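A short write-up of the structure that comes next.
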Amino acid sequence: PELLRLTRELTERPQDAAARSAMEAWVKPEQNKYGFTYYAVYNRDAVIIAAHDQAFLGVKSTLLIRVPELQTKGYVVTPPFRAKFTSREAALKGQRDYFQLPCRTVVERTVTLGYFCIGSDPRTLLYPLLSASWSGRTGEAVLIDRDGRMHSPSRFDADIEGDPEAYEDRQASRLYTRVPTPRATPSGKLPLPTGHDPLTRMAQALVTSRNGRTGFMDSYVDYRNVPVVGEGQWLDELNLGLIVEIDEAEAYRASYFAVF
């Protein structure tokens, strides 16, 4: 009821500093309780009308593409993304803001007033959780969308041609789980996979899987053109796939030793 009332007041008076302050006072205890860092309130057009930092006020969000899903389910979780605009805190550090936001629709009777999101920086929890599972010298776990775009860091980013920070606004990674055309690069590093390259066999199996699972797979190459073994699981709540892989040579090293 309180969220409904506060959202109604914000949508009726989006420029009212007192309405934003009232929302801030209500959100703070919720943030502290669950360890969230960020929040945003959007109107029906997915424009931010209240947020943890005023730098984001008036921004039309990428949440817009999830509005149909929000209307159907009433709840979504965004993939990790970089904010288009920078908060004061991040600007002081010379950094960009990264978000992952659980969002819900705020409905009064049958009328959608807007959307409420509260979340955290994936670099403080999600990404360390994924990297903690990287086994051996070549094992890694990454999140991908249905286009094969990565939404989490790769341990091999520095081995691939180009600037690891030179990726599109709002994307959390410049890499795709796609097989690049073998080619020489000026730096001698691995070629950069692009959205035009074919999906890896693992990524293709995952995004087309009927039950959201690939099972164990081997004898295929990853986005570095390196033979790997791995398994994938589609995470419906995140609308992302989780891929866990390790180089085939490392995974089967003991077997190769036993044979020879």
Side-chain angles (χ1 to χ4, degrees), residues 1-93 95-126 145-146 149 151 168-172 235-240:
E2 191 67 3
L3 176 60
L4 181 62
R5 180 184 68 80
L6 292 168
T7 304
R8 186 194 314 115
E9 291 177 357
L10 277 168
T11 56
E12 291 173 352
R13 305 190 304 278
Q15 304 302 322
D16 189 342
R20 288 199 299 270
S21 294
M23 176 63 79
E24 178 91 9
W26 179 79
V27 170
K28 280 293 184 184
E30 300 300 312
Q31 287 180 295
N32 294 335
K33 184 190 303 183
Y34 298 106
F36 291 126
T37 311
Y38 311 122
Y39 85 92
V41 182
Y42 304 80
N43 65 16
R44 281 174 291 188
D45 297 320
V47 175
I48 297 176
I49 54 177
H52 62 279
D53 191 300
Q54 292 190 12
F56 299 105
L57 296 180
V59 174
K60 194 157 190 174
S61 171
T62 52
L63 181 69
L64 189 63
I65 64 173
R66 305 295 297 275
V67 166
E69 189 178 355
L70 268 168
Q71 295 284 20
T72 302
K73 296 181 178 179
Y75 175 85
V76 299
V77 180
T78 70
F81 66 95
R82 293 199 312 171
K84 184 176 181 180
F85 295 88
T86 305
S87 67
R88 289 168 295 183
E89 181 180 353
L92 288 172
K93 297 177 180 178
Q95 299 177 349
R96 291 283 297 273
D97 291 287
Y98 283 67
F99 300 127
Q100 185 177 25
L101 305 171
C103 302
R104 57 163 293 183
T105 306
V106 182
V107 179
E108 186 170 37
R109 297 185 177 90
T110 59
V111 178
T112 297
L113 298 180
Y115 311 98
F116 176 76
C117 301
I118 188 168
S120 59
D121 185 337
R123 295 171 298 182
T124 64
L125 180 60
L126 178 62
D145 61 23
R146 292 192 179 276
R149 164 81 75 167
H151 287 268
E168 302 163 22
D169 274 345
R170 303 189 181 183
Q171 298 295 345
L235 308 174
D236 285 329
E237 286 297 320
L238 298 180
N239 198 30
L240 294 173

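Numbers here are sequence positions counted from 1. Just so it is clear, the structure is predicted and the values come from calculations on it, not from any experiment.
- The CZ atom of Arg5 sits 13.0 Å away from the CG atom of Leu113 when rounded to the nearest 0.5 Å.
- In this structure Arg123 satisfies the side-chain hydrogen bond (donor to acceptor under 3.5 Å, both in side chains) test together with Asp121, sequence neighbours excluded.
- When every heavy atom of Cys103 is checked against every heavy atom of Thr78, the shortest pair comes out as SG-CG2, 4.2 Å.
- Side-chain atoms of Arg44 and Val67, non-hydrogen and from C-beta on, never get closer than 4.5 Å to each other.
- Counting non-hydrogen atoms of other residues, nucleotides and ligands closer than 6.0 Å to OH of Tyr34 gives a total of 12 or fewer.
- Side-chain contact between Pro80 and Leu126: present, with at least one pair of heavy atoms (C-beta onward) separated by less than 4.5 Å.
- The two atoms that bring Pro14 and Thr11 nearest to each other are CD-O, 3.7 Å, heavy atoms only.
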His151 vs Asp145, side chain to side chain contact (heavy atoms under 4.5 Å, CB included): CA-CA, chis, key distance, verdict | CA-CA 7 Å; His151 287 268; Asp145 61 23; 2.9 Å; yes

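- For the atom pair SG of Cys117 and CD1 of Ile48, the computed distance is 8.5 Å after rounding to the nearest 0.5 Å.
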Show the numbers, then the answer: is there a side chain to side chain contact (heavy atoms under 4.5 Å, CB included) between Phe56 and Phe99?
-> CA-CA 13 Å; Phe56 299 105; Phe99 300 127; 3.7 Å; yes

Which is it for Tyr39 and Met23 under the side chain to side chain contact (heavy atoms under 4.5 Å, CB included) test, yes or no, and what are the steps along the way?
-> CA-CA 10 Å; Tyr39 85 92; Met23 176 63 79; 4.0 Å; yes

What do the steps show when you test Val27 against Phe36 for side chain to side chain contact (heavy atoms under 4.5 Å, CB included), and what is the final call?
-> CA-CA 10 Å; Val27 170; Phe36 291 126; over 6 Å; no

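- Between Ser120 atom OG and Tyr98 atom OH the span is 14.5 Å, to the nearest 0.5 Å.
- The minimum heavy-atom distance linking Asp45 with Lys60 is given by the pair O-CE, 3.3 Å.
- For CD of Glu237, the number of neighbouring non-hydrogen atoms (other residues, nucleotides, ligands) closer than 6.0 Å is 12 at most.
- Taking both residues in full, the closest heavy atoms of Asp53 and Ala55 are given as OD1-N, 2.8 Å, listed atom of the first, atom of the second, then distance.
- Residue pairs satisfying the side-chain hydrogen bond (donor to acceptor under 3.5 Å, both in side chains) criterion with at least one member in residues 101-113, sequence neighbours excluded, are listed as follows: Arg8-Glu108, Gln71-Thr112.
- Of all non-hydrogen atoms in Val107 and Leu4, the two that sit nearest each other are O-CD1, 3.5 Å.
- Atoms OH and CD1, from Tyr115 and Ile49 in turn, are 11.5 Å apart once rounded to the nearest 0.5 Å.
- With sequence neighbours excluded, the residues satisfying side-chain hydrogen bond (donor to acceptor under 3.5 Å, both in side chains) with Arg149 are Glu168, Tyr176.
- For the residue pair Leu6 and Ala22, the shortest heavy atom distance occurs at CD2-CB, 3.7 Å.
- Between Glu24 and Arg20, none of the side-chain N atoms (NZ, or NE/NH1/NH2) sits under 4.0 Å from a carboxylate O, so this pair counts as no salt bridge.
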